[in-house]
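Structure first, commentary second.
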Amino acid sequence: MKRETKTNSVKTNKKKRNSTILYYLIAFCLPLLVYISSVRFGFVYLDDDILISDNYEKISKINNIGLAFLTDAYFSNSYPFYRPLLTASLIIDAQFAGKEPGWYHFTNIFLHCFTTLALLWLLGLLGFGFAKSFAGTLIFACHPLASNAVLWLVARNDLLVCLFSLLCLGFYIKYINSTRRRFLVLSSISFALALFSKESGIMLPFVLVVYNYLLSSSIRNKLSFLRMQESSPTLIKGIPASEGVTISKTSNNIIFYLCCIAIIAVWYYLRSISISPDTAGQIGLKPFLDNLPAPAEMFSKFFLPWNLAAMPVFSTFRTFTGIPIIAIIILLIFLTKNVNKKSVLFGFVLFASMTLPNMFARIGTANDFFDYLDCRSYLPMVGILIIILNLIPDRYFDFKNLKYKITLITLIVLLGSTTSFQSQKYRNAETFWNSAIDVEPMRARFQYHLGRYYFKQNDFANFEKYLLAAVKLKRDPEFLYHLGMLEYVRKKNYEPAYNYFIEAFEGGLKLPEARNNFVNLCIESANELFSKGESRKAAARCYEALQNDSTKAETWLSYGVYEINSGSSQKAVYSWQKAISINPQLLDTYRNLYVYFLHNSKSRDSILMYANEYQNRGGKIEQYLMDELRK
């Protein structure tokens, strides 16, 4: 009889294990099914083209993985975005995909699938029943609010920081429940990976401390470290076993948090030498105040996930629906019986911890661009789910209950369909930016970025169309510069181009290549002015070129020609002599000098010196000038 009972027990456990594997497989495959069509999508030309296509020479070399930790996400050391694991993952992708976007999209999907599995595992560790954890995980897997993180390739850092944050928290809970140090090691490794994925990972130690205080079943007293200090070493051997475990765990915790501090120190040092310190006006209290609607909008988009913009802007509707949703949730916490308020509070802490760091950053162009990207909601969504799952009684989650199954399937089909519809906005740059313009046509940079896409396709007519639309909304220095370049390079209309350049510089334009292009514009426009007989204007324009770049001998040569035709012979001579000092092989400069001295000076030595230099370098003096020299 006992043997039969044991056999039945083994069969039951095996059936339960197989069932669990099946549910994990469903959790993995659902997001794959929802997003698999995106492997056919292209780039949306919002930094993804810069990070992959434009930077392909660097990401195509596997040896540059080390360099990813010593530079910003753009390999330029001029941006405040330190994303080593994002860059490293793109380098790995490039070994298989080249410049084609399909593989990069596939990697994003798989990261989302693995994050979904990590969430299912973590919810179980947090004490939720499997049926409830499974339902919450499926909602996360196909929720439209996650689509920006999955479909926009640059948002991979949000996928990475979420995945490693869940693993960090999960391994830490496993350690608390088992005292096995290997879980602490895995947790610290996960923390390092999260931090090197995105800055918001720095909040994880705080989240773990809060977990210890609120939910840890093994560490019952938040002052256990102080108690250990007060305990005499001679008494430790005599304390009960449970207290010994607590002290041992506390000691291990101290080592763990010291490791976290060391990881943060290394990260901070590498970040400080890798990124641009020029973030004035983009990080601080003002950006935080400007981003205040973000938490309310996240809750609104979570509960009303329809018509989400590809490029999100704050809206009165989202803000004023999110605030009452938060208020209702708080009210339900106090009114609902048998709610684990500590677990709810932990959900709020997780949400706030992973939202606040992003709120202190806001790009300088936000007012004519996006306000707060939805990909930043990817990790905070986990906090929202923990709150909601705590508020719904366990009795509603039962695999044997037909209503539960029908409700869950209906909800997943609805969310999955909405996400599939939402994903179509990311098919390519045209659909992406046109959808953004449809939602908010007054955002200048939406128009500009669509034009920028056409520029990269060599469609200059459409580039000019959308660039002019952007300038009409805002005379941004960058837009004016590109209009100047169009007039200069494509149309050879030098005067309008010159005016656009000057206005752009006066507006604060700092693009590295702009000054060089301006110098070339000044030189070419000066030549045109001279050909029209406007020597004085030509000289002035050429002088502007020299003020920006005085290292070109040819410019000094031209400046001298314009000055002598304007009657400024001394400036002309100085210019030609300056040209020779820069480039002694510039033949025409010697001819100009000996001709000038021949007709304007009695210094025969100067005439002969420049004439001989001219001949020695292969120049041939005209006969009438030879006759002049013989006189």
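What you see is a predicted model, and the numbers here were worked out from it, not measured in a lab. What's counted below: heavy atoms across the whole structure, side chains too, no hydrogens, waters or symmetry copies.
- Side-chain rings of Y404 and Y396 stay apart, their centers remaining 6.0 Å or farther from each other.
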Inset, instruction - Report the C-alpha distance between R83 and S197 in whole Å, list the side-chain angles of each, state the deciding distance to 0.1 Å, and finish with yes or no for side-chain hydrogen bond (donor to acceptor under 3.5 Å, both in side chains). - result: CA-CA 5 Å; R83 307 281 190 267; S197 297; over 6 Å; no

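- Distance alone, capped at 3.5 Å, places no donor-acceptor pair between the K301 side chain and the P144 backbone.
- Rounding to the nearest 0.5 angstrom, the gap separating the CG atom in L159 from the CG atom in L86 is 10.0 Å.
- Residues F397 and F130 keep their aromatic ring centres 6.0 Å or farther apart.
- Two residues are said to be in side-chain contact when any heavy atoms from C-beta on lie closer than 4.5 Å; I92 and I65 meet this criterion.
- The two residues I386 and G347 come nearest to each other via the heavy atoms CG2-CA, 3.9 Å.
- Using a distance-only test at 3.5 Å, with no hydrogens or angles considered, no donor-acceptor pair links the side chain of H449 to the main chain of A444.
- Although no hydrogens or angles enter the test, the distance criterion places a donor-acceptor pair under 3.5 Å between the side chain of T419 and the main chain of C142.
- Taking the six-membered ring where tryptophan is involved, the planes of F183 and F171 are essentially parallel, since the angle between them stays under 30° and well short of 60°.
- Panel note: side chain S187, backbone C168; a donor-acceptor pair is recorded below 3.5 Å.
- The closest donor-acceptor contact from the side chain of R156 to the backbone of Y104 lies under 3.5 Å.
- With no hydrogens or angles considered, a side-chain donor-acceptor pair links Y74 and D47 at under 3.5 Å.
- Between F369 and W433, the ring planes lie parallel to each other; the angle is under 30°, not in the 30° to 60° tilted range.
- How far OG1 of T365 is from OH of Y448: 10.5 Å, rounded to the nearest 0.5 Å.
- Shown here for T321 and I325, the closest heavy-atom pair between the two residues is O-CG1, 3.1 Å.
- For D368 and R443, the salt-bridge test fails: no basic side-chain N is under 4.0 Å from an acidic carboxylate O.
- In this structure, S435 contributes its side chain and F432 its backbone to a donor-acceptor pair below 3.5 Å.
- Atoms CD and OG1, on E297 and T319 in that order, are 4.0 Å from each other to the nearest 0.5 Å.
- Side-chain N or O atoms of T418 include one that pairs as donor or acceptor with a backbone N or O of L414 at under 3.5 Å.
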Legend entry - CA sep, side-chain torsions, deciding dist, call: L151, N108, side chain to side chain contact (heavy atoms under 4.5 Å, CB included): CA-CA 7 Å; L151 297 168; N108 271 29; over 6 Å; no

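- Side chains of W103 and V39 form no contact here, defined as non-hydrogen atoms less than 4.5 Å apart.
- With Q422 contributing its side chain and L308 its backbone, the two residues share a donor-acceptor pair below 3.5 Å.
- The OG1 atom of T355 sits 8.5 Å away from atom CG of L350, with the distance rounded to the nearest 0.5 Å.
- Residues satisfying the salt bridge (charged side-chain N to carboxylate O under 4.0 Å, His left out) test with D476, not counting sequence neighbours, are R445.
- Ring geometry, Y45 versus F43: the interplanar angle exceeds 60°, so the pair is classed perpendicular (tilted spans 30 to 60°).
- Between the side chain of T336 and the main chain of I333, no donor-acceptor pair closer than 3.5 Å is present.
- More than 12 heavy atoms of other residues, nucleotides or ligands shown are found within 6.0 angstrom of NZ on K341.
- Remark: aromatic rings of Y172 and F256 are close, center separation under 6.0 Å.
- Closest heavy-atom contact between A27 and T137: CB-CG2, 4.2 Å.
- Judged by distance alone, the side chains of S377 and D374 never bring a donor and an acceptor atom under 3.5 Å apart.
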Legend entry - Verdict with supporting geometry, N428 and T431, side-chain hydrogen bond (donor to acceptor under 3.5 Å, both in side chains): CA-CA 6 Å; N428 52 53; T431 58; 3.3 Å; yes

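- Ring to ring, Y24 and F28 are not that close: their centroids are 6.0 angstrom or more apart.
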Legend entry - Verdict with reasoning, H143 to F302, per side chain to side chain contact (heavy atoms under 4.5 Å, CB included): CA-CA 8 Å; H143 199 286; F302 183 83; 3.7 Å; yes

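- For the pair D438 and K425, the salt-bridge criterion is not met [side-chain N within less than 4.0 Å of a carboxylate O].
- Judged as a side chain to side chain donor-acceptor pair (under 3.5 Å), and not counting sequence neighbours, S420 has no contacts.
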Inset, instruction - Show your reasoning for whether side chain to side chain contact (heavy atoms under 4.5 Å, CB included) applies to L126 and S343. - result: CA-CA 8 Å; L126 287 171; S343 183; 5.8 Å; no

Inset, instruction - Assess whether side chain to side chain contact (heavy atoms under 4.5 Å, CB included) is satisfied between I59 and F75, documenting all intermediate values. - result: CA-CA 9 Å; I59 68 169; F75 281 104; 3.8 Å; yes

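- Across every non-hydrogen atom of A366 and D371, the tightest pair is O-OD1, 3.9 Å.
- In this structure, CG on L117 lies 11.0 Å from CG on L166, to the nearest 0.5 angstrom.
- Between Y426 and F41, the ring centre distance reaches or exceeds 6.0 Å.
- The local environment of CG in N307 is sparse, with at most 12 non-hydrogen atoms from other residues, nucleotides or ligands closer than 6.0 Å.
- Remark: Y257 OH is packed, more than 12 non-hydrogen atoms of other residues, nucleotides or ligands lying under 6.0 Å away.
- For the residue pair W152 and C375, the shortest heavy atom distance occurs at CZ3-SG, 4.0 Å.
- The shortest heavy-atom contact between V154 and D48 is CG2-N, 3.4 Å.
- With hydrogens and angles ignored, the 3.5 Å screen pairs a side-chain donor or acceptor of S272 with a backbone N or O of Y269.
- The aromatic ring centres of F114 and F164 sit 6.0 Å or more apart.
- Relative ring orientation between H112 and F140 is described as tilted, the plane-to-plane angle lying within the 30° to 60° band.
- Counting heavy atoms from C-beta on, the side chains of N338 and P393 never come closer than 4.5 Å.
- Taking the ring axis of F314 as reference, the NZ or CZ atom of R318 does not stay both within 45° of it and closer than 6.0 Å to the ring centre.
- At least one side-chain heavy atom of I254 sits less than 4.5 Å from a side-chain heavy atom of L258.
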Legend entry - Trace of the side-chain hydrogen bond (donor to acceptor under 3.5 Å, both in side chains) decision for N253 with Y175: CA-CA 10 Å; N253 267 325; Y175 165 72; 5.4 Å; no

Legend entry - Trace of the salt bridge (Lys or Arg N to Asp or Glu O under 4.0 Å) decision for K198 with D158: CA-CA 7 Å; K198 193 175 182 180; D158 290 283; 2.7 Å; yes

Legend entry - Worked check of side-chain hydrogen bond (donor to acceptor under 3.5 Å, both in side chains) between D72 and S274: CA-CA 6 Å; D72 61 32; S274 302; over 6 Å; no

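- Listed by chain and number, the residues in a side chain to side chain donor-acceptor pair (under 3.5 Å) with N291 are R362 (sequence neighbours excluded).
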